[in-house]
Amino acid sequence: MAASGSNAEQPAKRRKKQQPANAITIGGRTISLEAYLNPTPKPAKTITTPAQPTAATEKPEDPTPTERGKKTTTTSRPENHGRRGGPAPARNTEDAGLLKTRKALPIWQHRSEIQAALRKPGSNVVVLVGETGSGKSTQVPQFLYREPWCRRQTVKLTGSQDEVAVGGTIAITQPRRVAATTLAHRVSREAGTPLGKGQADGLVGYSVRFDHQVPRGTKIKFLTEGTLLQELLRDPCLRQYSAIIVDEIHERSLDVDLLVGFLKQILTGDLSGRGGVPLKVIVMSATADVDIIRGFFKDLSADDNEHKDTDHVQVLRIKCRQYPVEVVHEPRPVPDIQDALLKRIFKIHLEEPLPGDILAFLTGQEEIESAQKLIEEYATTTASNVPKIKVCPLYGQLSMEGQREAFLPVKTAFTRKIVLATNIAETSVTVPGVRYVVDCGKAKVKKYRPRLGMESLLASVISKSSALQRAGRAGREGAGKCFRLYTESTFETFQDSDLPEILRNDVLGAVLTMKARGIQDVLAFPLMDTPGTESIEKALLHLHYLGALTDDGAITPAGEKMARFPIPAPLGAVILAAARPEFDCVMEAIDIISCITSGDDVFLQLQSEEAQEEVGALRKEIQRREGDIMTYLTTIQRYTAENADRIGWCKQRRINMRNMRQALNIRRQLRAMSLKEKLISEAPPQDPQRFTPVDPERADVILKCFMRGFAMKTAMLAPDGNYVTIQGKHVVAIHPASVLHGQKKEAIMFLEHVFTNKNYAKKVSAIRANWIVEAMESRY
DNA sequence: CAAAAAGTC
């Protein structure tokens, strides 16, 4: 196996045999476990105001959780890696029209250049820079799959007589599911083997969660970054692939950062796991600054001192014909951002010709809703010779129907569409018809604070790269204009690019991912940006507490199981605890976890007071006094017991149907895995099951079981009526969406802890104070 | 009294 852990330049550190019982040694460092073993659950008498994690730069927003606006297809087909001599895929069947369109793409000129770059012996990494619209995602895999190095080979592995197949397929990763599936459909048509029902053979396939279409003979496979990371768990050498194309690396998702780390390990390894067959890596970015990427892959041939100083990473830049976008800044800083936004929109509307829709970037739902109201009010006052206005909000939590409006051309004549969007419109979706962009210069960003074990979600200044991306949205269909609600000198103060996710997120999952894939020294794992030592140590400690790591920092069998479960590690720990005889509640734990990991909250927000009254009584029936965890359990159990009309059942209670369906998918998956891991002894009975409420004693057992994953996310009621967290001793409020909102309990456990305009505990359950000590001291 | 948007055999 190539991915054998520590880097060549950093020899594995010797771990001390002897160490204090209350400490673990990880990466050569001894870390005290004092904080975990000696909890002080007694809150201080005087409650100090919690320190603000960051200065809020803007007013907090008001979210409305509603249905997700995306469709899912759940067609599954078992993967077939194709045998040698299988049915030959159709060739040269490209439709003449499609080929003509392909040849018109800017990247077509670079076809042989790209092929040549990868043919050079020893040249295994190529960086490709091309803006949106260059056609790189659809064309590059098609340029490469017939190359000689891309042929499937049968090789003998060292020390084994068995012959294995290596290579033959090109993987291309995407940060989003929709991108992976739509690109696959598109490329499959271009290649002459369209994906669809009854197509057993084909050149192109895709693989995203709960949706795999990989025909026999697949040479080009689109996947999400997360899916490839899962494949890496089973096949550390990525044996089925000749090349990995990493698309949209500039977005710097946590998964892509991990992925290139593993790719670098394969490239620097001895290739024995691949029978000596090299792996080619093509990294594609839409932004020009690729120094970090180039630097990251530069020191590849460490064993080859002769070439050590030469640059092995080729960078190819694809020119892209873009429509010009005129950027207009404010002459001086604006005192009121909403006021400036409205004035700018009205000015565009009055002065700029039709057709040409407006796309405005705002920070959140509350801001969008209030702006919508004011624009609609204004629209009633305009003269009859001024075009009419149609305002479309666009944010992730908006229902499918609500989102659709923003993508459709306006039906009424002489009307301008004004789309008010969050940064969902920056990368995830494209709004057609836009000629004018208004950019407020801010976006909400999630940040993790390791010391407090909590996150914050606050509006903050965007980066130059983000501002450029927003401006570019005006030039998709013709020359456009971008109006920035800030000065040019303010723009100059922006950072070049956004902080990569790995530096803003809890790295618990990332560290477990590394450990499960054989990385002993996570501090030495190659990363483009390394999180602070404090974050990594915190994650190691947390994993140790969860039972995923030994005192030496090595992964335990429990940790390996947690890594295989497609859920966050603390929830994996809950399932493992549930399998213990004293808890014995795996089925209930899976039901709850399926519900909470199916997407945003399954309970839609009740907007109006009428809705609250209408739905209130029906929702009360499924609510439990123990809190949100038990309420989720009742919800999914009632849902599955409902046999006649699940859609109606959800509608009546304002429950997100799409997430409930996803929850059942996850439930099926987790049940199958638990059976395989022998956490349950037999397959559970088929749905529908009659609903029987869980009695309070059983509820206690289930909650105690969740404490094994969330003992640190607890708070005690102080004499003054505030809840004070165990970790950090901060005042925390129960979020209004919780069934326990406004209630006083002895102690609470929460699955999420987020600072917005206040310290909020979400997904809250009532617990007993002595459970906290009990859970903290328990070690498996 | 309320949340950005992505993602996992």
Look at the side chain of [X] and decide which nucleotide, out of [options], has an atom nearest to it.
X      : options             : answer
A:K446 : B:dT8, B:dA5, B:dA3 : B:dA5
A:P566 : B:dA3, B:dT8, B:dA5 : B:dT8
A:Y395 : B:dA5, B:dT8, B:dA3 : B:dA5
A:N423 : B:dA5, B:dT8, B:dA2 : B:dA5
A:Y760 : B:dT8, B:dA5, B:dA3 : B:dA3

Using a 4.0 Å heavy-atom cut-off across all strands, classify [X] as base, sugar-phosphate, or nothing.
X      : value
A:I567 : base
A:R504 : base
A:E501 : base
A:S253 : nothing

Taking OP1 and OP2 of [N], is either one under 4.0 Å from a side-chain nitrogen or oxygen of [X]?
X      : N     : result
A:S428 : B:dA6 : yes
A:T224 : B:dT8 : yes
A:T422 : B:dA5 : yes

**Message:** Other residues, nucleotides and ligands only: do more than 12 of their heavy atoms fall within 6.0 Å of CD on A:Q743?
**Reply:** yes
**Asked** When you check the gap from the basic side-chain N to the acidic O, do A:E251 and A:R176 get nearer than 4.0 Å?
**Response** yes
**Salt bridge flag under 4.0 Å for residues A:D498 and A:R504** = no
**Message:** Side chains of A:I655 and A:L604, heavy atoms from C-beta outward: is any pair under 4.5 Å?
**Reply:** no
**Item:** Upstream residue (5' side of DNA chain B) when A:K758 and A:Q174 are each assigned their closest nucleotide
**Value:** A:K758
**Fill in**
Per nearest nucleotide of DNA chain B, the residue lying toward the 5' end, A:P568 or A:L457, is A:L457
